[in-house]
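These notes are about the structure you will find just below.
Residue numbering restarts at 1 for every chain, and letters A, B, ... go by the order of the sequence lines. In this text, all values refer to a predicted model and were calculated from it rather than measured experimentally.
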Number of protein chains: 2
Amino acid sequence: MTDGPTINTIAARAGVSIASVSRVLNGLPTRQETVRKVMAAAEELGYVRNAVARSLKSRRTHQVAFAMADIGNPVYLAMVRQIQPVLKAAGYRLVLHSTDAIAADEIDVLRSLGERYVDGLIMSPLRVTDEHLRTLAAARAPVVIIGSVPDGTRVDNVRADSRTGVRLALDHLHQLGRRRIGLVNGPLDTVPGASRGAAYAEALGALGLPYDEDLVEIGDFYRQEGARAAAALLTRRPDVDALMCANDLIALGAVDVLRASGRRVPADVAVVGMDDTDLAAASWPSLTSVSLGSAERGKAAAELLLDRLLNGEREPRVVTVPPRLLVRASTSGREPTPQYTAVPSEPRTTDGAAG
Amino acid sequence: MTDGPTINTIAARAGVSIASVSRVLNGLPTRQETVRKVMAAAEELGYVRNAVARSLKSRRTHQVAFAMADIGNPVYLAMVRQIQPVLKAAGYRLVLHSTDAIAADEIDVLRSLGERYVDGLIMSPLRVTDEHLRTLAAARAPVVIIGSVPDGTRVDNVRADSRTGVRLALDHLHQLGRRRIGLVNGPLDTVPGASRGAAYAEALGALGLPYDEDLVEIGDFYRQEGARAAAALLTRRPDVDALMCANDLIALGAVDVLRASGRRVPADVAVVGMDDTDLAAASWPSLTSVSLGSAERGKAAAELLLDRLLNGEREPRVVTVPPRLLVRASTSGREPTPQYTAVPSEPRTTDGAAG
DNA sequence: TTGTAGGCGTTATCAC
DNA sequence: GTGATAACGCCTACAA
């Protein structure tokens with residue numbers, strides 16, 4: 001663990017100048033003999049390039065940051081899983097930030113781009129405040145935002161379409177003959193909560209169903225909160241025959257409550273979740289869920305960022321990932337063939353525990 | 001997005017030398033008037049320190065890397081969730097590596113420490129080969145290994161104890177009156193597979209139960225592989241009354257198969273998983289699982305590393321995290337109060353989708 | 001208290 | 001081809 005060798009060390013050892021060492025190491029045209037000497041010296045000394053010095057000179061770190069609200073949330077993990085390999089293939093490292101959904105922290109991350117420790121940033125903020133937009137405009141490195149920003153914002157942007165997603169779910173439930181479809185939503189002051197609430201009302205209208213506020217309950221995006229909210233809704237409207245849930249965790253909580261109340265899923269009440277996290281396929285009954293394409297959004301964001309790193313001056317682009325309805329047992333009643341999609345199909349990956 | 005200001009820019013603007021600027025920015029004793037001028041100039045110019053130049057000089061990046069086998073695996077995610085906040089609190093950034101369980105990639109990560117883009121590394125290798133050990137000994141930055149290394153290896157090391165873990169599970173099953181306890185294991189050439197297999201045999205012996213190779217089936221650490229292996233075992237031994245599974249995914253696959261074969265869980269066959277991933281609590285019936293303390297191991301590793309970064313020359317330390325049996329419905333038959341442990345209890349974290 | 005100058009390890013531009 | 005030499009942005013003796 002002593003101080004590593006530098007090109008100076010090598011130059012001395014090989015009896016050449018540091019310029020020659022650098023040339024050899026970078027594959028620039030050099031006399032064979034020199035190449036040999038330098039390579040030999042580098043080999044013997046166990047030389048490794050210093051990435052920091054390199055970055056200072058080249059103004060490139062080959063690092064990209066991903067800032068998410070909560071590293072514990074499966075949705076972001078699905079994104080990380082896609083982002084990581086894309087960046088890795090392009091020779092970039094991934095730096096992770098978890099902002100705990102605090103706006104100030106997100107702003108901080110944006111500002112810290114000025115430190116130049118990364119070449120770019122992918123960020124998935126919970127809300128987009130004016131301050132976000134201002135800081136964004138002044139950002140010192142390319143940024144890709146996952147989540148909607150106001151039209152006209154000059155930034156690469158990857159969006160989900162939860163409006164269509166909710167519509168898909170309600171159409172499905174309607175086709176199954178359900179007419180008293182409840183909504184268990186998250187807080188309305190979050191972007192997803194607001195948009196899903198509005199989409200629910202709109203979809204009901206399109207189906208010719210009345211909007212009944214007794215059928216709507218607000219909780220939070222957790223299993224327990226979902227359970228609580230579902231229970232409240234069931235008390236008010238024991239005749240509900242379907243529950244649209246604003247995410248999978250809420251849906252799992254709803255299933256818990258339905259089961260506890262002696263109702264069968266889906267025979268008595270059909271349940272639809274959202275986000276299609278790993279838990280949807282793993283639960284029993286498996287959960288019908290609207291995928292908002294977390295994985296695709298992550299991949300698209302990584303690709304947008306890489307593209308901009310190569311081509312800094314192109315126009316900002318907006319990518320919208322279409323939703324997809326994954327019908328499983330919680331609405332169809334037929335449990336699909338067991339198939340687990342949580343882990344990639346690489347052979348020989350184990351669970352990493354030792355002992 | 002033009003070139004950011006440097007201390008030179010500020011010095012010019014404030015009419016002082018770069019040394020004074022640096023002093024002010026670092027809070028060294030300076031005349032009030034100078035401080036004022038420098039701060040004003042810095043403010044106006046929107047100055048942000050360049051982390052790369054800083055690192056070159058200070059030889060510290062304030063970054064730490066975490067190398068895991070597979071970013072898709074819940075076990076590693078549990079570790080990342082703990083590692084991240086610990087590092088963040090200490091002012092370190094987290095760089096993520098996913099090595100796809102390829103030994104050569106892991107060696108690469110170890111070697112790349114010479115590039116000095118991080119101050120230290122936490123690594124959770126699948127197997128520890130001689131080359132790992134050699135590269136480890138020559139590593140140019142502090143490393144913490146999660147997973148067992150040979151005794152005497154001079155490296156900070158965090159271990160699970162799957163031997164005791166398997167023992168806990170088998171004791172539990174035995175107490176429930178189960179006597180024909182099968183094992184659905186992963187590949188024997190992985191560290192976890194080997195140790196869990198041995199632990200199973202040992203625990204049976206301690207309980208006075210015979211070892212019957214018909215009760216043991218090898219698959220891989222995935223749900224589908226687990227299902228296949230469980231099916232094979234059931235065909236051979238239809239009278240099995242409990243299944244010990246080498247991880248949660250295998251256990252979920254086993255439950256699928258048991259259900260498909262008309263057996264009740266746990267009435268006919270009790271099932272125990274391992275690792276206590278989020279899926280264990282989320283599935284139905286909820287899964288009894290042996291926690292090997294992934295979260296604790298992650299936290300311990302981060303703390304060991306931080307400690308060494310402060311105190312480079314202390315003796316290597318070995319931390320062993322004790323296992324814990326979490327009894328749930330797949331063995332006890334009583335479904336516990338719905339409670340979701342996948343996400344932290346921070347309020348107001350949403351699922352991050354927008355639209 | 002402040003400024004000058006050297007160095008952290010590389011890359012790149014010059015002459016030679 | 002090769003070797004001095006000047007950046008990259010910052011910190012820090014040392015000198016003034």
*Answer yes or no: does a side-chain N or O of B/R59 lie under 4.0 Å from OP1 or OP2 of C/dG9?*
yes
*asked:* Less than 3.5 Å apart, any donor N or O on the side chain of B/R13 or B/Y47 sitting next to an acceptor on the other?
replied: no
*Provide, to the nearest angstrom, the distance between the CD1 atom belonging to A/I7 and the P atom belonging to D/dT5.*
15 Å
*Round to a whole Å and report the spacing from CD of B/E115 to P of C/dT10.*
11 Å
_Out of D/dC11, D/dG9, C/dT4, whichever nucleotide has its closest atom nearest the side chain of B/R49_ = D/dC11
_Is there, by distance only and without an angle test, a donor paired with an acceptor across the side chain of A/K57 and the base of C/dT10 below 3.5 Å?_
no
*Taking the side chain of B/S22 as heavy atoms from C-beta outward, which of C/dG9, D/dC10, D/dC11 is closest to it?*
D/dC11
*In terms of the nearest nucleotide of DNA chain C, which residue is placed more toward the 5' end: B/E33 or A/L28?*
B/E33
*Side-chain N or O of A/S20 less than 4.0 angstrom from OP1 or OP2 on D/dG3?*
yes
*Under-4.0 Å side-chain N/O to phosphate OP1/OP2 contact, A/N8 with C/dG9*: no
*Which whole-number value in Å describes the distance from B/R54 CZ to C/dG9 P?*
18 Å
*Provide, to the nearest angstrom, the distance between the CD1 atom belonging to B/I10 and the C1' atom belonging to D/dC11.*
14 Å
*Side chain of B/A53: nearest nucleotide among D/dG9, C/dG3, D/dA4?*
D/dG9
*Could you tell me whether B/R93 and A/E115 have a side-chain N and a carboxylate O separated by less than 4.0 Å?*
yes
*Quickly work out the B/L45 CG to D/dG9 P distance and round it to whole Å.*
14 Å
*asked:* Please confirm whether the shortest side-chain N or O distance from B/S17 to OP1 or OP2 of C/dG3 is below 4.0 Å.
replied: yes
*Could you tell me whether B/V16 contacts a base, only the sugar-phosphate backbone, or nothing, with contacts defined as non-hydrogen atoms closer than 4.0 Å?*
sugar-phosphate
_Nearest-neighbour nucleotide for the A/R31 side chain, D/dG9, D/dA7, D/dT2 considered_ = D/dT2
*Phosphate OP1/OP2 of C/dG9 contacted by B/Y117 side-chain N/O (<4.0 Å)*: no
*Out of D/dT12, C/dT10, D/dC10, which nucleotide sits closest to the side chain of B/N50?*
D/dC10
*A/K37 NZ - D/dG1 P separation (whole Å)*: 15 Å
Using residues 29-36 of chain A as the side-chain source, report each donor-acceptor pair under 3.5 Å to any protein atom, sequence neighbours left out, with the distance given to one decimal.
from	atom 1	to	atom 2	distance (Å)
A/T30	OG1	A/L28	O	2.6
A/E33	OE2	A/R36	NH2	3.1

*Say whether B/Q63 and A/Q63, considering side chains only, have a donor N or O and an acceptor N or O under 3.5 Å apart.*
yes
_Nearest-neighbour nucleotide for the B/I18 side chain, D/dT2, C/dA5, C/dT2 considered_ = C/dA5
*Classify the nucleic acid contact of B/R23 as base, sugar-phosphate or nothing, counting any heavy atom under 4.0 Å across all strands shown.*
base
_Distance in angstrom units between B/R116 CZ and C/dT10 P, rounded_ = 11 Å
*Can you name the residues that form a ring pair (Phe, Tyr, Trp, His ring centres under 6.0 Å) with B/H132, not counting sequence neighbours?*
none
_Regarding A/S58, tell me which of base, sugar-phosphate or nothing describes its non-hydrogen contacts under 4.0 Å with the strands shown._
nothing
_Distance, rounded to the nearest Å, where B/L56 contributes CG and D/dT12 contributes P_ = 13 Å
*Spell out, as yes or no, whether a donor-acceptor pair under 3.5 Å connects the side chain of B/T135 to the backbone of B/L110.*
no
